[in-house]
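I have placed the structure first, in the form of structure tokens, so that the comments after it can refer back to it.
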Amino acid sequence: RDEAALLAALARRPMAGFDLKPLYRVLAAAGQSQASTRDAREEKGGRPGPPEPLPVPAGDVKLAAYLLDPVRNRYHLVDLARQFLGVEVEEGPADRPADPACRTPALLGRDAALCARLRPAIEAEIAARGLERVYREIELPLVPVLAAMEVAGIAVDREQLERLGRQFAARSEELAQRIYELAGETFNINSTQQLGQVLFERLKLPVVKKTKTGYSTDAEVLEALAAEHPIAELVLEYRSLAKLRGTYVEGLAEHIGPDGRIHTTFQQTVAATGRLSSTQPNLQNIPIRDEPGRSLRRAFVAAPGHRLVAADYSQIELRVLAHYSGDRALHEAFAHGQDVHARTASEIFGVPLEQVTPEQRRVAKAVNFGLAYGQTDFGLARALRIGRAEAKRFMERYFERYPGVKRYMEETIRRARQTGEVTTLFGRRRPIPEIRHRVPHIRQNAERVAINTPIQGSAADIMKLAMIRVHGALLREGLSARIVLQVHDELIVEAPEDEVPRVAALLRREMEGAYRLDVPLVVEVKAGVNWYEMEEMNG
DNA sequence: CAGTTCACG
DNA sequence: ACGTACGTGAACTGT
Ligand SMILES: [Mg+2]
């Protein structure tokens, strides 16, 4: 009654504040239930029309503070008050939203007043630092989009999840018994400490790597030990099943709501590069690389009568690199729609494109992959399990054939050293003070960050713009389809069956057109009844 | 709470 | 001689 009127009033009026997404989530949820009653009215002959979109927030001091310094680990209102107003106060409801005790009228009013005073101070700094566009055109318009995605959630088939859980448990138990037999005792396989004692003391296996606290038992070590003792492979498989059961089967089940859906939270002020992250639960790291983990995606389903439509950017980071570097050869590969990894292989190995072997392509793919990370010969050698000298030759050959890329990287580091920061396509900034550090490994780490951040961050800028465009286009075109997930270079939309062709076309159009690079952006679209079985729609 | 490990892009 | 590919989040162990 009064609450509905209040929400309706709030939904019409642009607001400024601190961390507005949770409020937008409430408004989006109210709008969603209102939409279903409106649909019911239309069935009875009411007037159709697109739903009212929520207004873009007028300001959000938390988002602004994040743009000013995206590396901080928290953006509490009290910290901002100290930094920008020189005011020292106790934490209130803005910083302790889960604590009902501090939700008093006095403190709520105080925090609101702090926001009002902070906003001009912080926004002046935003303007001064050239962050106006990323603030007004990306982060603020994204708030209602993310809120709508969180409210929509994604449907999960609990029975499917539990079936997989039983399979994983059975296999896991079998592996544990065989591990105990080979060890000659039972122990907690999940304990790295106990596992280390079994492997390196009882079984006397060679120690290949150490951690700060003792023996390393990570996958790389176990893969090396597999040549020495059969227990290693069993532990590897046991580990992967333990991860699947704990993190995914059990972890996800706890998050299924009464509506049969999981509603993640997208963090907009965490990743230093400008990416989103996903928590409670993390839906951006659902297994895909191997079975049986990949089969978990069968549990992520479209509602009855609907389909999941997934659209992902092809090679977005390499395209950003091509754009920034202006490298002729890299440009050409994308302009001609070539298979970039094959093209790179052909360049590195000096063979015609048609004669590139799968092995050569695999090497080239690893080289391309490492570029965005500021790769070293050591890192490439480890990734490919080859000698460091050979890795060094591959990299030298690459930079001979792609001199523009080499130049770009050197120039990026030089500028970062000069300015103490790097920026993205949209002017997002990341300070990198360590780039002038006198300890070599700290400085070198900073140099890799300087290479990676403009690439990863610009890709994030493009994706965020695309999300705003897709969300707007869906509403404008009166479609019921809604974005439900973002996984860095991929958007997942839930669409009524009959909207699928239109939604697929819309996704391609809005994502490919989100930003004009010097090379084309290409989007691949798939659709299916769940997140596992998806058919290409690149017709 | 730190440390280790491992899931994703 | 050192440390070594970028960015995340979650589960688990052990203190
Ligand atoms: Mg992709």
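Below, read A as the first sequence line, B as the second, and so on, with proteins coming before strands; counting in each chain starts at 1.
- Between A/R407 and A/E410 there is no salt bridge, since no side-chain nitrogen of the basic residue lies less than 4.0 Å from a carboxylate oxygen of the acidic one.
- A donor-acceptor pair shorter than 3.5 Å can be found between the side chains of A/Q267 and A/T279.
- Atom pair A/F369:CZ and B/dC8:P shows a separation of 12 Å (rounding to whole Å applied).
- Between the A/S240 side chain and the A/K243 main chain, no donor and acceptor come within less than 3.5 Å of each other.
- Contacts with DNA chain B (heavy atom under 4.0 Å) in residues 242-256 of chain A: A/K243, A/Y248, listed by number.
- Under 4.0 Å is where a charged nitrogen must lie from a carboxylate oxygen, and between A/R393 and A/E390 no such pair does.
- Note on A/R448: only backbone sugar-phosphate atoms sit closer than 4.0 angstrom, heavy atoms only; bases stay farther off.
- Aromatic rings from A/Y66 and A/Y135 are positioned such that their centres are separated by 6.0 Å or more.
- Using a 4.0 Å heavy-atom distance criterion, A/V439 is classed as making no nucleic acid contact.
- Protein chain A contacts DNA chain C from C/dG3 to C/dG14, reading 5' to 3' and using non-hydrogen atoms of the protein with a distance under 4.0 Å.
- Residue contacts shown for A/D377 are absent, as no nucleic acid heavy atom lies under 4.0 Å away.
- A/G370 comes within 4.0 angstrom of a nucleotide base, judged by non-hydrogen atoms across all strands.
- The one candidate from A/R415, A/R417, A/R436 that meets the salt bridge (charged side-chain N to carboxylate O under 4.0 Å, His left out) condition with A/E447 is A/R417.
- With sequence neighbours left out, A/Y532 forms a ring-ring contact (aromatic ring centres under 6.0 Å, His included) with no residue at all.
- Side-chain nitrogen and oxygen atoms of A/R289 include none within less than 4.0 Å of the OP1 or OP2 phosphate oxygen of B/dA7.
- Nucleic acid contact class of A/L371 (heavy atoms, under 4.0 Å, all strands): none.
- In this pair, A/Y398 and A/Y402 present their aromatic rings parallel. The plane angle is below 30°, not in the 30 to 60° band.
- Here A/R388 lies in heavy-atom contact (under 4.0 Å) with a base.
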Practice item. Using the side-chain hydrogen bond (donor to acceptor under 3.5 Å, both in side chains) rule, take A/R448 and A/Q444 through it: C-alpha gap first, then chi angles, then the decisive distance, then the call. Key: CA-CA 6 Å; A/R448 291 192 297 274; A/Q444 286 157 7; 5.3 Å; no
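- Note on A/R72 versus A/D79: no salt bridge recorded, every NZ/NE/NH1/NH2 to OD/OE distance being 4.0 Å or above.
- The side-chain heavy atoms of A/T273 and A/R430, taken from C-beta on, include a pair separated by under 4.5 Å.
- Comparing B/dT4 with C/dT4, their P atoms sit 12 Å apart, to the nearest whole Å.
- A heavy atom closer than 4.0 Å to some atom of DNA chain B occurs in A/T211, A/K212, A/T213, A/S216, A/T217, A/D218, A/A219, these being the qualifying members of residues 195-230 of chain A.
- Ion pairing between a basic and an acidic side chain is recognised when a charged N comes within 4.0 Å of a carboxylate O; A/E223 and A/R385 show such pairing.
- Residues A/P440 and A/N452 each lie close to DNA chain C; by heavy-atom proximity, the contact nearer the 5' end of the strand is made by A/P440.
- The CD atom of A/Q194 sits 14 Å away from the P atom of B/dT5 (whole-angstrom rounding).
- Atom CD of A/E317 is separated from atom C1' of B/dC8 by 13 Å (rounded to the nearest Å).
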Check your understanding: Which string of ( ) [ ] | and . matches DNA chain C, if you list each base 5' to 3' and count Watson-Crick or G-U pairs only when both distances are under 3.5 Å?
Key -> .....|||||||||.
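- Atoms CZ (A/F300) and C1' (B/dC8) sit 12 Å apart, rounded to a whole Å.
- Among the protein residues, A/N285 comes within range of the nucleic acid bases, having at least one heavy atom under 4.0 Å from a base atom.
- Backbone-only engagement by A/A271 is indicated by non-hydrogen atom pairs under 4.0 Å involving sugar-phosphate atoms exclusively.
- Checking A/R343 against A/Q338 by side-chain atom types alone, a donor-acceptor pair falls below 3.5 Å.
- Residue contacts for A/A272: at a heavy-atom cut-off of 4.0 Å it reaches the sugar-phosphate backbone alone, with no base atom in range.
- In this structure, the CD1 atom of A/I492 is 10 Å from the P atom of B/dG9, given to the nearest Å.
- Summary of the strand contacts: A/Q267 and A/N188 both lie near DNA chain C, and taking for each the nucleotide with the nearest heavy atom, the more 5' one is attributed to A/Q267.
- Inter-residue side-chain proximity for A/Y408 and A/D327 is flagged as unmet; no heavy-atom pair is nearer than 4.5 Å.
- Within the 4.5 Å cutoff, no side-chain heavy atoms of A/F300 are placed close to those of A/I492.
- A/I286 places its CD1 atom 12 Å from the P atom of B/dA7, with the value rounded to the nearest Å.
- The ring pair (Phe, Tyr, Trp, His ring centres under 6.0 Å) analysis of residues 219-255 of chain A, with sequence neighbours excluded, yields no pairs.
- Distance check on atom P: B/dG3 versus C/dG3 gives 15 Å, rounded to whole Å.
- Between the CG atom of A/N190 and the C1' atom of B/dG3 there is a distance of 15 Å, rounded to whole Å.
- Contacts of A/E490 with the nucleic acid, taken as non-hydrogen atoms under 4.0 Å apart, are absent.
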